[in-house]
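Structure record follows, encoded as structure tokens.
Keep in mind it's a predicted model, so treat the numbers as computed, not measured. Here is the naming used below: chain letters follow the sequence lines, and residue numbers restart at 1 for every chain.
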Amino acid sequence: MPSETYLQIGETLKWLLTIAWLLPLGGFLIEVFGAKWSGRKSRAAAYLAVLCIATGFVCSFIALCTWIDAEDLTFSDVWQNPLAIAAEHDDHAAGEHVTAGHGEHAHGDAAHADHGHGDAVHGEVAHAEHGAADHGHGNQPLSHTFTGTFYTLAKFGNIKVSLDYYIDGLTVLMFTMVTFIATCIHIFAIGYMSDELTEDYEDHFVHLPGGKHFHRPGRFYRFFSFLSLFCFAMLGLVLAGNIFQVFIFWELVGVCSYLLIGFYVERKSASSAANKAFIMNRVGDFGFLIGLMILWTWFGTFSFANTNPDQFGEVGLFQMVRTDDGQLDTEGAGMNRVAYMQSLHGERLEGTDGAPRAIPYWLLIVAGLGIFGGCIGKSAQFPLQTWLPDAMEGPTPVSALVHSATMVAAGVYLTGRFYPMFTPEVLLVIAYIGCITAFIGATIALVVTDIKKVLAYSTISQLGYMMLALGVGGWLAGLFHLVTHAFFKSLMFLCSGSVIHGCHHEQDMQKMGGLAPKMPITCWTMWIGVVAISGLAIPGLMLPYIGAVAFSGYHSKDAIVATALTFASKNPTHSLLFFIPLVTAGITAFYMHRMWFMTFFGKPRDQHVHDHAHESPWVMTGPLVALSIFAAICAWGGEHGPLAQLMLTSEPTHVAGGIAPSGEIGLALPSHHEIHGNHSKAGVMALLAAFIGTIVAYVFYCRQTVDPALVKDRFLSIHRFLVDKWQFDEVYDVMFVRPVHVIGKWCVGLDKFGLDAILHGLARLAIGVATWDRKFDEAVVDRVVNVFGEVTYSTGRSLTAIQTGRLRQYVMFIAAGVVCLFVVLFIFLPR
Amino acid sequence: MDPVGLSGYLTVGAVLFVCGVICMATKRNAVGVLMGVELVLNGANINFVAFSRHTALGLDGQIASLFVIVLAAAEAAVALAIVLNFYNNHLTIDVDRAVELKG
Amino acid sequence: MENLLFLIYAIAACGGAVGVALSQNVVRMAFWLVISLASVSGLFFMLGADFVGATQLLIYVGGTVVLLIFGVMLTTTGPYLAIKTNPAEMIQASVVGVAFLGVVLSTVTAVDWSGNRATLEHAGLVSRPGSYYQQGEGNTSRQIGTALLGVRFDQMEQGAAASDEAAHGHHHDGHTHADHAHGNHAHGAADHHHETISASPRVGSGYLLPFEIVSVHLLVVLIGASYLARAKRRVEQAA
Amino acid sequence: MLLAASSIADMLSTQTTSGWLPVFVAAVVHVALVGAFFGLPAGIFIWAERKISGRIQDRLGPTRVGGRFGWLQSLADGVKLLQKEDLIPAQADAFLFRVSPYIVVVAAFMAFMFLPFSSGLVAVAMDIGLFVALAVLSLEVLGVVLAGYSSGSKWSLFGGMREAAQMVSYEVPLGLTAVIPVVLAGSMNLTDIGNMQAGWASNWFIFHDPFSFLAFFVFFTATLASNKRAPFDLAEAESELVAGFLTEYSGFRWSLFFLAEYAAMFFVSGLATILFLGGWWTGFAPLDNWLASLASSCWQGDYIVRVIGMKVFLTKSAILVCVQIWIRWTLPRLRIDQVMTTCLKYLVPIACFLFIGVVVYPLVLLTVLGRTTLLPGTGPFAEPIGERVPVPVVRQPIETASAVVDGPAAVTTEEH
């Protein structure tokens, strides 16, 4: 890619994505300030919001096409027989799909040669622009990235706060995904929120004294303005080119989720859920801030990278911390271990004193953990996962948006985006946290009966999967699952929303059942989602051009399990990181099918609900169908499909080749090649687990051969433990809330008897002093001032006699004055 | 006989000036005061023109006196309008009656 | 002859001024004022400032004084109204005035103007007015016109003219005198012209801006005066 | 300098070596001339007025005194007036009452000092002659106003007030239209202005362009008003104010006012002649050229030519005076408000318009036709006038004369 082409494409992408980013903001502003004129019964706000986000989607899609074109992704290998591809990939390192190592490899087929050639040229260009001497190396970690600055907000000494952009394949893909899902959710919400189109909305969940319900004006436009702002914040986060900007939008996302979760603010549960979500996030953000401060203190910049060949500006974080071949440049051991920073020329960066700049390795770990702490909060990882189920208090479209495309995705996205900054130690922590989260979420989901909460815990579990994948070196697997999960989870949420809407805001699955004939579209679109998340596939069937016949979830989960298996095999001490996800996969299939069967099949448990149930209008089912199509096919081709290939273009350099055992903990990360070797093995195991879970659910809840109640009684204590959500809330209560209360009481006591006493004493002293001061003031100061005033006044008074108001007298005075002046001059200045 | 030099003209100017000042100081008639002002201005004008002739001032003096004449005419017009107003208010043009500003 | 004329004009001007100061009748004052101002214009003519003198006549005597008399006639309540001045005041004013005059005259006499003139002659600045002769010494209207535009024919650029004057000052004086003796002033004028033609008139910013400001000022005064004179009458009518 | 010389002094100075003699002779001659022209018109024009008014009213007018046409009637009237008692009313302010006729006369007389009767035949040849003349003439109003005030009579006061208002107002269009020939000639010197109109009558400034043509009539109207001539004779207005400011006057003082009035009539007519009607030139180019060549041949010829020019000038002025008389007996008197309206609402704007027109006219011609005159070519009707380039043939003797004007005065100044 020549430099001009590079800049041209970068400019095109920048403006397309900027439009897509800013449109929701414009929509938000118009909706907020224009609501006064549109009225509460108007759908104008919704149409505007849909228009904005849909236009954003169009722009993003164009950007995606531009990207595919620019990257020269032909997908030609997908069209061949997948078995042949598998064979071929045995020969080549999977890393050929990314930028690494092209110069050293010979290529068998034409497509690969083209691909390699394009990359080589690009690498040369980038190299030449950066002024490096060695052309043969031809390796630029960030050569497929466009960065730049929109606007510099402020500069305080060394700290530069600016609005940057960082565009690579992941950014473009996330934009397309987010805008598409958001569009669907917006459209869905037009139908779902139509209750609010009134001047007098009766909230049945708010009970006033006297058995009445709370009445308030509808908040249709407010809902949509919040949605628009939410989309704006999320897109800004994705587009952000520096970590500080990410933090800004990170917080904005938090605020929006707060506003939307607490949309029914009069409901106690909703407002406390909003508070909980917000505060939990603050805990994580504390870590984020610590990481931020460490990074800025040691690196002196926030920006991710600077790849613009026209600018020889500052070096970005990613470029500093990784060498050209993507490795950390460390030295020393223990606490003395340092990581050297790299310049753009593949050399060590020199500080002002000439010595190479370096950051202590442990601080790099702390910074990574801090940033990941933010991700824990945002993505509801253990131990901060408890806010997410409570967040179901918001309207269902909000749940769909929060749990699929935006809020929780932000954490995973940031982990993926910040991947170059994470050391193996951090990755291990990430993996374990993800693993625990996945297991906890899945087990709780087994026993929950609220349809939305099932999905919520499922989300926690799946997020844990993603984190696990990222932690064990499966960068692609984790983000792949993020995208596929976004589709099917939003689909399922919208389906549940449709069910809830059809059942008149009944969310308890124990009152549903047999709804399939009543709402067929919802039922079967949800089935697609359930199958997708369960990771089911038709065993053994590998079609040409398509690969395994399965919905999107199969491919992504397959990738995760394969990565985990490889990781476990390379690091036997951490083999738990493979078995727990495997078990969890089975559990996932079980509880998702449980939910589906309980809702749509069997006998109606509550005749009243069943009688009034109805299919939702097209405005709600339309998005379901659209999303279900994507949930089904978006990952076709698996790891060789277009989606994965697209993501591979922006994979960090060091991931593909894996990492040899290193560091204190001796962690080894798998390479693509090794993962590929374990693919089929892991796929079989995962599929097996999923089938087991599905069959058990079928037996329990559809055929009802075994009564679930019996099982519940048998394992009553476990069930109770699970129903109590592993008693996290109680533990937190004991660990944090009660101590805080006790400390608070101590503080009150100290305040009352210690500080207040001192303050009162001081106050009395001040009063005493002031009394004396007043006397002094009155006796001396005032008197002096009065004397001056009186003298002035009496002087002026006596001088009024001269001011006669007579014109002629004044003239006389002037003349006499001049004469006197001259006389005086003559006397005192004789010549 | 020596030609009249600068001092002769300056003397005439001084006399006119002083007479104008006396006029201003003694006339109770507002128009009389105005005439005094005109005299003062003329005294100054004589000086201007005399200096213009007898020093390096050149035409600057003449031009200055022209401006003085023109502005004096303007001043007279405005002053007369004020006198008329004064007359409308007090039914006299005795400036001694205008003592509203007495301290 | 010139001294005689000066005496006549000076006495008329001073006498008119004293008359103004001493008269009690305002119309008599106006008469004396006319005498004084007309004599002043005569002095202007003598000082070689024809244009200023004519302007003085036209504007002061013909315009301003008529205006004053007009004002008197509009505001008098009875025939021959005389607002008498207190004799004590008169004496007081006279004392101050005489003192003032003494001060000013002492200043005038204290300065040696002849020395000043000699200095100027030495610098070659006195005989300058001949540089742009139309017909006579007092015909300064063209010069004033060009001076308003910033071209000063009365102030030639120092360079050539000054050195010329300094070098041949003495000779030049004699030459001029001889010319006058022959009564052929035309030659003298041409001589002047010839000598100064090497120098160029000083070009400066001129008086154009003040001129424009004064003209706008006059317009403002015109409108303002008519407004001031009218407004009160309307109020009276309303009352 | 005030009593500067003219061509006579120039002529004599070439003959003698004495410094004072030419000045003295010239002064005597000019005093005689100005005195004659100041005094005579009163007698002649009063008689003419009586005869013309008589003819207009279909009667004979004076017929007996001095022969057939009664041409000594004015003299007889003058003698009669001199014999009358000099009355001063008890109510009058005697001092001002006595002085005011002299002011009027002095103003009118002084104006004649600046009026050239022929080329160079002028008492004071000032570069700003027109300006000074107008300034001096404007002093006349003071006398009238003082006369009206000092008479101690309501009629007189009203007359004086009217005169003051009228004069002050009409000076504006008068000045504006008088400036138009100045613009055309590029000089305020009346001699220069007159000499520029030599040649064919098309060179006269009245025919220079449409604006100057109209300007002449505005100027003439304004002069009527400033002379208190009918239809603007509000100051004396016999039918309303008895005789206006003249009411209390009698005898010699009364005759002085009349003397001044008729002298001023002649003066403004002469001014109009010089400014617009070619002055002392005949308006016939061959004749003018012959006169000019005669003047440059010898000093006697110069003198003769000047005398001829004076005759031409007097004739033209006399015709204008007759027109004034004619108008007086033809048009009825206006009311005072009509007088002021005519001036302020019509004449002033028209004069402003004409002034702008005259200034813009050559520029427009230059833009449209490429030259500053309407008629093309160099024929007899296209003398280069109005472009600040006087006719060379005519100019020659004048330059000599004017250059010498200051000679004696300068000598006086420089005499040590």
Side-chain angles (χ1 to χ4, degrees), chain B residues 1 3-12 14-23 25-29 31-32 34-35 38-39 42 45-46 49-50 52-56 58-59 62-63 65-67 69-74 76-78 80-85 87-88 91-94, chain C residues 2-3 6 10 13-14 17-18 20-21 26 29 33 37 40 43-44 47-49 52 55-56 59-60 63-64 67-68 71-72 74-75 83 85 89-90 93-94 97 100-101 104-105 108-109 113-114 116-117 120 125 140 143-144 147 154-155 207 210 214 217-218 221 224-225 228-229 232 236:
Chain B
M1 190 174 174
V4 182
L6 184 56
S7 51
Y9 290 100
L10 295 186
T11 309
V12 177
V15 172
L16 255 67
F17 188 91
V18 169
C19 285
V21 170
I22 292 175
C23 246
T26 55
K27 299 295 177 215
R28 285 166 61 200
N29 191 325
V31 181
L34 275 184
M35 290 179 187
E38 307 293 342
L39 272 182
N42 260 279
N45 258 357
I46 290 178
V49 178
S52 159
R53 163 83 180 203
H54 288 285
T55 71
L59 282 181
Q62 293 193 17
I63 290 168
S65 65
L66 275 179
F67 282 136
I69 290 172
V70 171
L71 290 179
V78 173
L80 262 180
I82 293 171
V83 167
L84 280 182
N85 257 333
Y87 177 74
N88 283 333
L91 286 179
T92 178
I93 50 173
D94 184 355
Chain C
E2 190 180 341
N3 288 355
F6 172 77
C14 296
V18 173
V20 172
V26 71
M29 277 160 62
L33 189 67
L37 298 188
V40 167
L43 287 177
F44 287 164
L47 280 168
V52 181
T55 312
Q56 166 100 350
I59 293 180
Y60 252 126
T64 308
L67 202 64
L68 288 178
V72 171
L74 280 176
T75 52
I83 306 176
T85 311
E89 273 185 6
M90 204 62 215
S94 307
F100 197 3
L101 188 64
V104 176
L105 286 183
V108 168
T109 51
W113 300 108
S114 58
N116 180 34
R117 184 171 172 83
L120 287 172
L125 285 169
T140 53
Q143 291 179 352
I144 288 174
D154 59 321
Q155 291 181 352
Y207 288 93
V214 164
H217 176 89
L218 277 179
V221 163
L228 272 179
K232 207 66 189 177
E236 261 186 4

- Please name the pair of heavy atoms, one in Cys23(B) and one in Ala21(C), separated by the smallest distance, quoted to 0.1 Å. SG-CA, 3.7 Å
- Item | chain C contacts, top residue of Leu80(B), Val31(B), Val83(B), Val78(B) (heavy-atom pairs, under 4.5 Å) | Leu80(B)
- Message: Testing the basics here: between Ala13(C) and Leu16(B), what is the closest heavy-atom pair and its distance to 0.1 Å?
- Response: O-CD1, 3.7 Å
- Contact origin within Leu105(C) toward chain B - heavy atom pairs under 4.5 Å: side chain
- Task: Measure Val21(B) against the heavy atoms of chain C and call it side chain, backbone, both or neither at under 4.5 Å.
- Result: side chain
- Task: Please answer whether the main-chain N or O of Val26(C) pairs with a side-chain N or O of Lys27(B) as donor and acceptor at a distance below 3.5 Å.
- Result: no
- Determine the minimum heavy-atom distance between Ile22(B) and Ala93(C), stating which atoms define it. CG1-O, 3.9 Å
- Residue, of Gly224(C), Ser94(C), Cys14(C), that accumulates the most heavy atom pairs under 4.5 Å with chain B: Cys14(C)
- Could you tell me whether the side chain of Thr109(C) reaches within less than 4.5 Å of the side chain of Ser7(B), counting heavy atoms only? no
- So do the side chains of Asn45(B) and Phe44(C) get within less than 4.5 Å of each other, counting heavy atoms only? yes
- Name the option with the most non-hydrogen atom pairs under 4.5 Å to chain C; the candidates are Thr26(B), Asn42(B), Leu71(B). Asn42(B)
- Note on the structure: So, the part of Leu43(C) with a heavy atom under 4.5 Å from chain B: the answer is both
- Which answer fits Val18(C), side chain, backbone, both or neither, if we ask what part of it has an atom under 4.5 Å from a heavy atom of chain B? both
- Please work out which of the three classes, parallel, tilted or perpendicular, describes the rings of Tyr9(B) and Phe6(C), given edges at 30° and 60°. perpendicular
- Query: Can you tell which of Ala76(B), Gly20(B), Ala14(B) has the highest number of heavy-atom pairs within less than 4.5 Å of chain C?
  - Reply: Ala14(B)
- Shortest non-hydrogen pair, Gly32(B) vs Met29(C), comes out as CA-CE, 3.1 Å
- Side chain, backbone, both or neither: which part of Ile63(B) has a non-hydrogen atom closer than 4.5 Å to chain C? side chain
- Item | chain B contact via Leu101(C) - side chain, backbone, both or neither, heavy atoms under 4.5 Å | both
- Item | Over all atoms of both residues, closest heavy-atom pair of Ala225(C) and Ala81(B) | O-CB, 3.5 Å
